[in-house]
Amino acid sequence: MKGFWHDAAEFFPILMNGVALTIIVTIGSLLLSTVLGLIWAMMRVSGIKALSMLSASLINVIRGIPIIVLLFYLYFVMPDLGVTLSALQAAILGLGIAYSAYQAENFRAGIEAIDKGQIEAAQSIGMGWWLTMRRVVLPQAVRIVLPPYGNVMIMMLKDSSQASTITVAELALQGKLIASSTFKNTNVFTLVALMYLTMSIPLILLVRHFEKRAGKK
Amino acid sequence: MIELTDVHKSFGEVEVLKGITANVEKGEVVCIIGPSGSGKSTILRCINGLESYDRGDISVEGLKVDRDAPSIVNIRTQVSMVFQRFNLFPHRTVLENVVEGPLFVKKEPRPQVLERGRALLAQVGLAEKADAHPPQLSGGQQQRVAIARALAMQPKAILFDEPTSALDPELVGDVLGVMRKLADDGMTMVVVTHEMGFARDVADRVLFIDGGVIVEQGPAKTLLNQPQHPRTQDFLRRVLHPL
């Protein structure tokens, strides 16, 4: 145990560099997946058949490809097509696209859970599609969508470790590098696990808060 | 003002409107009565384009009702709707519900709209509830807010779709009172209702609908007191003397 704390003190600063990248990848891909997910969801509920089918197929293609393959594709294949991305860019883009499919399905479920009477009331005072979405449907859907959204945040935080496969030196990769040079596998990976857990706990509490709020009404 | 000519409407295989021809004059109060599933609500929903119709013609002040045309917004801002289940926006306050349309659809200046919104809430007896949220109100209060919301659009006519059917019996009177005052003030109203007392006292004309057709129509008192058609007689007997 004493050895653990000693190692922890020594490796912590290096691992914190990894934490910074983990947070950047998580927040970057969270924002991207949110925006893309909203776009897919809006296309899905637009009532325009071509848009809705396009979005449904996109979602299925994205869902059917493992994140790691998506990352390899962006990082190793895109340069052959003339698009060179940095490892960090590829990681954010890959995770963002991969998770946009889940975000979209979540948003769509939230939008479709809104009572049809709400939409009719909006239409009856002359609101068009977009105004109905913006003023009536989306503000109410947010409440429903937030708890699963929080869960996606937790999953993305952990899945950001997959960026290590394309050389992004985030927490997991930093740990692996230290472990392979010091052979202190147990202490290093225990520390890495504890650091992921520490970052997850606030998110877990946030989800609980969302769930309580959503359950109120 | 509102004209329906030979309107047909089917849901899948079921034809719910089988050629409805009727008109509503400016300032007139028309009640539509009839058994459930007879197509009463569908008529209202077709008039402001919440539902499409298959055949025939509906126009409001000469403007054809076509829910896929841009002109539908124009029609909806002139013909307001009050729903059976109120359909207030639960995430907004009572006052915000009332001013939503004028502010965001008609883009009227905020100070005037807010002032009008408060005046309308006072008119329906809910001035002190302006900052409450709809779920905090009783059904009767919510329906009166919904009427204020409809009035805030400064419509030429209001369609009421069974406005008291979802209310506890002791709350029905408040809502009917507000509606009666509107009628006295000359508002054009089309009311789908089971409140025969309201129809008798307030309506100028009553349409009795059954099986998607207008079986009988006439001045309210005549139709309700001396129905001519056996189906009207049968329906009124069941509604007025259920035991």
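Order of the sequence lines fixes the chain letters, A, B, ..., with proteins taken first and strands second; residue numbering starts at 1 for each chain.
Scanning residues 93-128 of chain A against chain B with a 4.5 Å heavy-atom cutoff picks out A:D115, A:G117, A:Q118, A:E120, A:A121, A:A122, A:Q123, A:S124, A:I125, A:G126, A:M127, ordered by number. For residues 62-79 of chain A, a heavy-atom distance under 4.5 Å to chain B picks out no residue at all.
Cation-pi geometry between B:R180 and B:F198 is not met: the NZ or CZ atom fails to fall both under 6.0 Å from the ring centre and inside 45° of the normal. Both cation-pi conditions hold for B:K9 and B:F11: the charged atom is under 6.0 angstrom from the six-membered ring centre and inside a 45 degree cone around its axis.
Heavy-atom contacts from other residues, nucleotides or ligands closer than 6.0 Å to NZ of B:K26 number 12 or fewer. A 6.0 Å sphere centred on CD of B:E115 holds no more than 12 heavy atoms belonging to other residues, nucleotides or ligands. Within a 6.0 Å sphere centred on NZ of A:K176, heavy atoms belonging to other residues, nucleotides or ligands number 12 at most.
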Hey, mind stepping through B:R149 and B:E100 against side-chain contact (heavy atoms from CB on, under 4.5 Å) and telling me if it holds? CA-CA 8 Å; B:R149 176 172 70 179; B:E100 182 76 18; 5.8 Å; no

Given the rule in the side-chain hydrogen bond (donor to acceptor under 3.5 Å, both in side chains) test, do B:T42 and B:Y53 qualify, once you have shown the distances and angles that lead to the verdict? CA-CA 9 Å; B:T42 308; B:Y53 50 99; over 6 Å; no

Worked check of salt bridge (Lys or Arg N to Asp or Glu O under 4.0 Å) between B:R205 and B:E28: CA-CA 8 Å; B:R205 244 171 348 119; B:E28 209 180 11; 2.7 Å; yes

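Contact count versus chain A (heavy atoms, under 4.5 Å) is highest, among B:M153, B:R92, B:K106, for B:R92. Chain A forms the most heavy-atom pairs under 4.5 Å with one residue out of B:N48, B:V82, B:L50, B:I72, and that residue is B:L50.
For B:L88, the part sitting under 4.5 Å from any heavy atom of chain A is the backbone (N, CA, C, O) and nothing else. For chain A, the nearby parts of B:F89 are the backbone and the side chain; heavy atoms of each come within less than 4.5 Å.
Checking side-chain atoms of A:S46 against main-chain N and O of A:I48 turns up a donor-acceptor pair under 3.5 Å.
One finds a salt bridge joining B:R116 and B:E108 here, because a Lys/Arg side-chain nitrogen approaches an Asp/Glu carboxylate oxygen to under 4.0 Å.
Residues B:T93 and B:D131 bring no donor and acceptor atom of their side chains to less than 3.5 Å of each other.
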